[in-house]
Every structure is written in C-alpha cells, then in structure tokens.
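Below: one structure, written as structure tokens.
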Amino acid sequence: MTILESEAAAIPSWDEVRKLYQTLLAPGVTKYGKFTPSIDEIISQFQEQSIGDFTTTYTIIDGECSDSVDLTIKVRKTLDSPCSLSAGADNSITLTESEALEIPSWDEVRKLYLSLLDEGVSRQGTFDPSIANINSQFQNQRLGDFTTTYTIVEGDCSDTVNLTVTVVEDTPNCSTVDAGPDNMIILEESVAAAIPSWDEVRKLYLSLLAPGVSRLGTFDPGIQELINSFQAHSLGDFTTTYTLSEGECTDSVELTVRVIQDNQNTPTCVLK
C-alpha cells in the first residue's frame with residue numbers, strides 16, 4: 001500500500017496501524033499472527049524517518065506448521081499519478097547589476113521570472129521563495145543566482161520548475177580610454193646626448209603621444225631605465241610602453257626614440 005506522509009502521520013493509535021497492515025492480508029487469513037518487526041518498532045521507524053518503505057513479516061503458526069508474508073506500507077510525500085500537467089523546463093537569464101537595478105517594481109520582477117516559463121505554461125502559479133523575498137535577497141547581496149521554484153496546480157496534479165536570474169558585475173565601458181597609435185622619433189647620437197635632464201627625456205617621449213592623450217600615464221621601462229640603456233649603448237631603438245588607466249580600463253601605446261650615428265644625412269623627424 002502507498003499512502004501520503006500526511007495520512008500516515010494522522011493514524012491515531014498503535015491499534016490503527018496494526019489494522020492497516022492487516023488489511024493487506026488475503027481474505028480468510030487469520031488476524032492472530034505475529035509481526036516482525038513489531039508494530040511498535042514500525043512506529044518508531046516512522047517517527048525517525050517518515051518517508052520510505054515500512055515492511056514487516058507477518059507469520060502464522062498452526063502446530064508445527066508456519067507460513068509468512070511480507071507486508072509493506074510505502075509512505076511518500078506525493079503520490080504518483082497519471083497527471084500530464086507540466087511546468088516546462090528549468091530556465092535562467094543573466095543580467096548585469098545595473099540592468100537589475102533598473103527594474104522599476106515588484107511586478108516587473110515577477111514578469112521577468114514569468115518570461116522564463118515555456119510557452120503555454122500557466123502564469124497563475126506560485127513562487128517559492130516569493131518575489132518579495134527575492135527582492136529582499138537582492139537588496140542584501142546584489143550579485144549571484146536568484147532562484148525560485150514555480151509551481152502550477154490543476155486538481156490533484158502539480159508540477160514545478162526552477163527559474164533563475166543571475167546578476168553579474170557590469171562590464172566597464174573602456175571606449176573612452178585611448179592611448180593613441182604607436183609612434184617613433186629618429187635622433188642623431190649627438191642630439192640625443194645633448195638632452196639635458198630626465199625631465200626633458202620624459203617630455204620628448206610625451207611629445208610622441210597623439211593630441212588629446214592624457215600625459216598622466218606610466219612608462220615601462222621607466223624614463224631612468226631608458227637613460228641607463230642609452231648610456232650603456234647609445235645607438236638603437238629605445239622603446240617604452242606608455243599606459244593609461246581609468247578604473248578597470250587600460251590602454252597602451254609603444255613610443256620609440258631611435259638613435260643613429262651622426263652625419264647620416266638623416267633629418268630629425270617624427271613619424272606619425
């Protein structure tokens with residue numbers, strides 16, 4: 001026999017449990033047999049774990065003869081039924097934090113979750129946790145998965161589906177952070193050697209930036225490292241990566257001073 005948990009819990013006494021098991025016996029079988037485990041033990045099992053199969057072996061004895069049968073009561077939260085009711089498939093949507101914050105009302109949050117339902121599924125179901133609780137969760141912790149179980153009921157039939165709104169961090173708009181194109185200047189060795197100070201070297205590299213590019217970026221390698229490289233070997237390309245940062249956004253450009261030998265009949269020029 002299969003019964004609901006609520007029905008099992010409502011059986012009022014030891015004797016009614018015994019009678020329930022006896023109803024499983026075939027007609028004409030004596031009701032004076034022995035239960036193993038006993039009815040008391042069956043009740044104790046149910047009190048410890050109310051869902052499951054509760055089986056006892058019922059034995060009758062007549063002189064030297066005996067016979068036994070297994071009797072089982074299956075306790076379930078819900079009973080299997082031929083219901084064809086369907087709440088559809090689990091579904092989810094991902095929003096950025098700013099998109100989630102722009103949702104204007106409780107009703108619009110409800111509509112968002114309902115939009116995740118399959119076509120044709122009733123919109124008259126219930127949410128657990130409720131939409132109000134989902135809103136409270138979001139106020140306390142804006143990022144993460146916000147899942148509710150949506151249940152539809154029709155007569156004795158019901159079905160559920162999990163609906164999830166995932167809120168993620170906004171992707172920063174980095175289009176305004178622009179360090180411009182790579183650039184290079186060619187100097188003769190004597191001209192490079194005549195640059196009087198660290199600050200003038202820095203100004204030389206900054207002059208290679210496109211108009212409007214911020215001068216508050218960083219050099220890698222730094223200006224002093226470039227000067228040290230030049231002092232160790234005065235000819236060649238001395239390139240630094242200039243980086244602009246704004247929040248989580250960055251952009252970089254390569255700036256190069258190419259130093260050549262004097263008297264190469266090559267004018268000092270900036271390549272744009």
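Taken from CD in Gln45 to CZ in Phe54, the straight-line distance is 6.5 Å, to the nearest 0.5 Å. The distance from the CG atom of Asp67 to the OG1 atom of Thr59 is 8.0 Å, given to the nearest 0.5 Å. Once rounded to the nearest 0.5 Å, the distance linking CD1 of Ile39 with OG of Ser44 reads 11.0 Å. Atom CG in Asp170 sits 3.5 Å away from atom OG in Ser98 (nearest 0.5 Å). With values rounded to the nearest 0.5 angstrom, Leu244 atom CG is found 8.0 Å from Thr218 atom OG1. Note: Ile11 CD1 to Lys19 NZ = 12.0 Å, rounded to the nearest 0.5 Å.
Within a 6.0 Å sphere centred on CD of Gln224, heavy atoms belonging to other residues, nucleotides or ligands number more than 12. Around the CD atom of Glu154, the shell of radius 6.0 Å holds no more than 12 heavy atoms that belong to other residues, nucleotides or ligands. Around the CD atom of Glu200, the shell of radius 6.0 Å holds more than 12 heavy atoms that belong to other residues, nucleotides or ligands. Annotation for Asp107: atom CG counts as buried by contact number, over 12 foreign heavy atoms lying within 6.0 Å.
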(request) Decide yes or no on side chain to side chain contact (heavy atoms under 4.5 Å, CB included) for Val161 and Asp159, but give the supporting numbers first. (result) CA-CA 7 Å; Val161 62; Asp159 196 31; over 6 Å; no
(request) List the steps and the verdict of side chain to side chain contact (heavy atoms under 4.5 Å, CB included) for Ile227 and Val201. (result) CA-CA 8 Å; Ile227 293 171; Val201 175; 4.1 Å; yes
(request) For the pair Leu143 and Glu97, evaluate side chain to side chain contact (heavy atoms under 4.5 Å, CB included) and give the outcome as yes or no after the intermediate values. (result) CA-CA 7 Å; Leu143 302 181; Glu97 184 178 1; 3.9 Å; yes
(message) Set out, in order, the CA-CA distance, both residues' side-chain angles and the distance that settles side chain to side chain contact (heavy atoms under 4.5 Å, CB included) for Ile60 and Lys34, then state yes or no.
(response) CA-CA 7 Å; Ile60 56 175; Lys34 178 183 179 182; over 6 Å; no
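The shortest distance between side-chain heavy atoms of Leu235 and His233 falls below 4.5 Å. For the pair Trp14/Ile43, a side-chain contact is recorded, criterion being any heavy-atom separation below 4.5 Å from C-beta on. Side-chain contact between Asp128 and Thr151 is absent, with no heavy atoms from C-beta onward closer than 4.5 Å. Between Phe35 and Glu41, the closest side-chain pair of non-hydrogen atoms is not below 4.5 Å. Put simply, the side chain of Leu95 reaches to within 4.5 Å of the side chain of Leu112, judged on heavy atoms. Put simply, the side chain of Glu169 does not reach to within 4.5 Å of the side chain of Thr96, judged on heavy atoms. Taking the side chain as every heavy atom from C-beta outward, Arg215 and Leu209 approach each other to under 4.5 Å. In this structure, the side chains of Thr23 and Met1 come closer than 4.5 Å at one or more pairs of heavy atoms.
For the pair Asp118 (side chain) and Ala89 (backbone), a donor-acceptor distance under 3.5 Å is present. Between the Asp251 side chain and the Ala179 main chain, a donor and an acceptor come within less than 3.5 Å of each other. Using a distance-only test at 3.5 Å, with no hydrogens or angles considered, no donor-acceptor pair links the side chain of Asp53 to the main chain of Lys74. Gln22 places a side-chain N or O within 3.5 Å of a backbone atom of Lys31 that can act as its donor or acceptor partner. Checked by atom type and distance alone, the side chain of Arg123 pairs as donor or acceptor with a backbone atom of Val121 at under 3.5 Å. Looking only at distances, no side-chain donor or acceptor of Ser234 sits under 3.5 Å from a matching main-chain atom of Gln231. Within the 3.5 Å criterion, the main-chain N or O of Thr166 finds no donor-acceptor partner in the side chain of Asp145. Looking only at distances, a side-chain donor or acceptor of Asp262 sits under 3.5 Å from a matching main-chain atom of Ser190. Formation of a donor-acceptor pair under 3.5 Å by the Thr56 side chain with backbone atoms of Pro37 is found in this model. The closest donor-acceptor contact from the side chain of Tyr242 to the backbone of Gly217 lies under 3.5 Å.
The shortest non-hydrogen separation linking Ser66 to Ile61 is CB-CG1, 4.0 Å. The shortest non-hydrogen separation linking Pro181 to Val253 is O-CG2, 2.8 Å. What you find for Arg76 and Gly52 is that their closest heavy atoms are NH1-O, 3.4 Å. Minimum heavy-atom separation, Gly180 to Asp178: N-OD1, 2.8 Å. Taking all atoms of both residues into account, the shortest heavy-atom contact from Pro221 to Leu226 is CG-CD2, 3.9 Å. Taking every heavy atom of both residues into account, Thr241 and Glu254 meet most closely at OG1-CG, 4.1 Å.
Side-chain polar atoms of Thr164 and Thr147 form a donor-acceptor pair below 3.5 angstrom. Side chains of Thr149 and Asn162: a donor-acceptor N/O pair is present below 3.5 angstrom, by distance only.
Salt-bridge formation is not detected for the pair Asp40/Arg18: no Lys NZ or Arg NE/NH1/NH2 atom is positioned less than 4.0 Å from an Asp or Glu carboxylate oxygen.
By the rule that hydrophobic residues join a cluster once side-chain heavy atoms approach within less than 4.5 Å of another member, Leu163 and Val168 end up as members of separate clusters. Both Ile73 and Val29 are assigned to one and the same hydrophobic cluster, defined by single-linkage of ILVMFWY side chains at heavy-atom distances under 4.5 Å. Note on Val153 and Leu4: separate hydrophobic clusters, where clusters join Ile, Leu, Val, Met, Phe, Trp and Tyr whose side-chain heavy atoms are under 4.5 Å apart, directly or indirectly.
In this view, Arg258 and Asp237 satisfy the salt bridge (Lys or Arg N to Asp or Glu O under 4.0 Å) rule, not counting sequence neighbours. Contacts of Asp70 classified as salt bridge (Lys or Arg N to Asp or Glu O under 4.0 Å), with partners at least two apart in sequence or in another chain: none.
Sorted by first and then second residue, the ring pair (Phe, Tyr, Trp, His ring centres under 6.0 Å) pairs with a member in residues 111-141 read Phe127-Tyr150, Phe138-Phe146; sequence neighbours excluded.
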